[in-house]
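Numbers restart at 1 for each chain; the letters A, B, ... are given by sequence-line order, proteins then strands. Keep in mind it's a predicted model, so treat the numbers as computed, not measured.
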Amino acid sequence: MTSRLVLGIDLGTSNSVGAIHWEDGHWSVVSDAHDKTIQPSVLSFHPNGSVLVASAARKRRLVDPKNTIYSAKRLIGRPFSSRQVQEIIPRLSYRVTEGPAQQVMVSVRNHLLSVSQVSALILQHIEKLADKVAGQHVPQVVVTVPANFNEAQRAATRQAARLAGLDVLRIINEPTAAALAYGHGMDESKTILVYDLGGGTFDVTVLRVSRGIFEVLGTAGDTHLGGDDLDERLTEAMVEAFMQQHHYDLNMNEMAILRLRSVAEKAKCTLSDKESLAVHVRELAYGPGGISLDLEYRATRDRLEGLVADLVERTIGICDEAMTLAQLRTDAVDEIVLVGGMTRMPLVQRSVTSFFSRKPVTSINPDEVVAVGAAIQGASLLGTLPASQGHVPSLLLDVTPRTLAVATVGGFCQILIPRNAQIPTEHTRTFTTGADYQTAVTIRVCQGEHRRFEKNVMLGELRLEGLRPAPRGEVRIAVTFEIDSDGLLKVSARDQDSGEIQSAAMRVVAVDEDNDSAWGTDGQPPLVDEDILGQLPDDEGTRS
Amino acid sequence: MTMDQTNLANQVRPLVERLHRDLDRLSYYQLLSVGRTASTTAIQQAFYRRAVLLHPDRHFRLDDAELKAKINTVYKRISEAYRVLSTPPLRTLYDSRLLQGQLRLQQKDDESQS
């Protein structure tokens, strides 16, 4: 008999969390040997050949930056040449190159890994922790992604889970997962807004919850807006302060920037509880004659808020967009759920409270709620979730976050499936041949809201082959685009006259489907050294 | 497959078979089993009642591939009915088309040549 346990995994930009749903209807958040539930999404390739994961890897960020991989989620499922990838590259301390199918590859020591492979090792780490907690193998998982992840990013995440040897029941959206955890067993009908500001992505989702049914009314977000960006602002301010003190430009000093970024992140967190903080970093650089230069920086909450005000304002604009999509006014929201470590920031809480004229819920753990919701969704799919007091055991009615379109003449887009459409859904369009006796047609598919094709994210090309040779316009092919419950796109095509099914394979950009099992030269995943976990001294070189 | 899902599948089988057979003969109102003058709230409640029984996720571990495919087809149409009937401008348009005997509101099939 297959196991009835299910593992929910929140695969985050900065941190990942797992939660197990037990057979008896309870759940628990997975913790490691040190009782930590939050696992940094970091890998480090040690000179001794082993691979460190999570906390042990995070400690290597400053010691061995070139071989320590973090924020992989910012790269997953994106083509190497995309603006988002090119923008982030200068901020990465490790090397990335372009691989097959325009994938981003990470080059560390003697390994060349795809981003999916990097994520696979993090997922595997969470699963191993879960196995220990459960006392058995828990291979059935639900993995979460930002609501605004596109098709390619979802496919690459699913591929990561497969590479980790996991049985992926479902990929679900992070804010929806949070709502599932929060609204589970709730009695009245309510409209809930989830504001999810993570390390690298921002999502906002509005749902109607009614006796176990969770209907997503609108979702919006920015996959490149998160805590990392706030850290960057504070880092820049400290670089500026250093410039004034010592007339030395730290931007030329990669190691110093890395140290400052780590200091900035800690300072940012501290400023959520304290009004101010004296930052002192010794020997950040060396001046003329080799004298050591220290940074003295007085970080205050006011100053930080000034530095990031526009970023927080952007999240409020996105809240407005989600409300418009849901066709609701701000006063229709009954509960606001804050998710992600960044929502601890007082400025974020104040901005949300003022926009909605309502205080957010404080009873949930913003770091763990997504993983718990993922586990609940897994249990719901397996039918192991107990129904209570006439409630349905949590049924999720989710939407597709992005318009799906095809290229037409003149570089414009023709919408196939509109944004915010409930899934599963399907739409059929008819295509004809444009040349006499043409036997193949190529259809370019994209996701996004722009009218012009090239302004959107190119998903891939759909090639219809083996068409009946006939004068142009005579062959009519009905192409059906289906988004399944996973949010994944399926395409099928049929000759309308002959009724024959055409082959319709779509190659998704930035996901190398053929490479599912390739792990570098020997075909083996790198060996992850678990024994080292947590045994390394804390050797981050900063004292702040 | 779990006992719950087996029971549910047996429970919904006659409904699925009937809707699947008549799919192209039923109006959106009939698919949701609501009257032509039903309020948006009533339409929403009717859709929820259908979704609880027929959403593919409720039959995730169902082994009967044929029934599963039918559930999937039927659910997508019910969801289409809900989308149109719960969006006032679309509902108005649909009502006028329905008078002309058109049971589905479909996007115009644009002809794209490539």
**Prompt:** For Arg170(A), is it the side chain, the backbone, both or neither that has a heavy atom under 4.5 Å from a heavy atom of chain B?
**Reply:**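 Just its side chain gets close to chain B.
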**Asked** Side chain, backbone, both or neither: which part of Gln377(A) has an atom under 4.5 Å from a heavy atom of chain B?
**Response**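 For Gln377(A), the side chain is the part near chain B, not the backbone.
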Looking only at heavy atoms, what is the nearest atom pair of [X] and [Y], with distance?
X        : Y         : value
Asn72(B) : Glu482(A) : ND2-OE2, 3.6 Å
Gln5(B)  : Gly383(A) : NE2-N, 3.5 Å
Pro56(B) : Ser485(A) : CB-OG, 4.2 Å

**Asked** Any luck finding a side-chain donor-acceptor pair between Tyr48(B) and Glu215(A) under 3.5 Å?
**Response**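 Result is yes, a qualifying pair exists.
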**Item:** Most contacts with chain B, counted as non-hydrogen pairs under 4.5 angstrom, among Leu381(A), Asp484(A), Leu395(A), Leu169(A)
**Value:**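 Ranked by contacts with chain B, first place is Leu381(A).
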**Prompt:** After noting the C-alpha distance and the side-chain angles of Arg61(B) and Leu382(A), does the key distance pass the side-chain contact (heavy atoms from CB on, under 4.5 Å) rule?
**Reply:** CA-CA 6 Å; Arg61(B) 282 292 197 229; Leu382(A) 293 181; 3.4 Å; yes
Is it the case that more than 12 heavy atoms not belonging to [X] sit under 6.0 Å from its [atom1] atom?
X         : atom1 : answer
Arg451(A) : CZ    : no
Gln102(B) : CD    : yes
Glu66(B)  : CD    : no
Arg36(B)  : CZ    : yes

**Item:** Check: Arg58(B) and Ser380(A) side chains under 4.5 Å, non-hydrogen atoms
**Value:**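 The answer is no, as the side chains (C-beta and beyond) never meet within the 4.5 Å cut-off.
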**Request:** From the options His427(A), Gln422(A), Glu426(A), select the one residue that forms a side-chain contact (heavy atoms from CB on, under 4.5 Å) with Lys76(B).
**Result:**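 So the option named by the test is Glu426(A).
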**Item:** Contact class of Glu80(B) relative to chain A, heavy atoms under 4.5 angstrom
**Value:**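 Contact with chain A is absent: no heavy atom of Glu80(B) under 4.5 Å.
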**Interatomic spacing from OG in Ser189(A) to CD in Gln45(B) - rounded to 0.5 Å** =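 Result: 6.5 Å between the selected atoms.
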**Prompt:** Going from OG1 on Thr425(A) to OH on Tyr75(B), what distance comes out if it is rounded to the nearest 0.5 angstrom?
**Reply:**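 Nearest 0.5 Å value for the OG1-OH distance: 10.0 Å.
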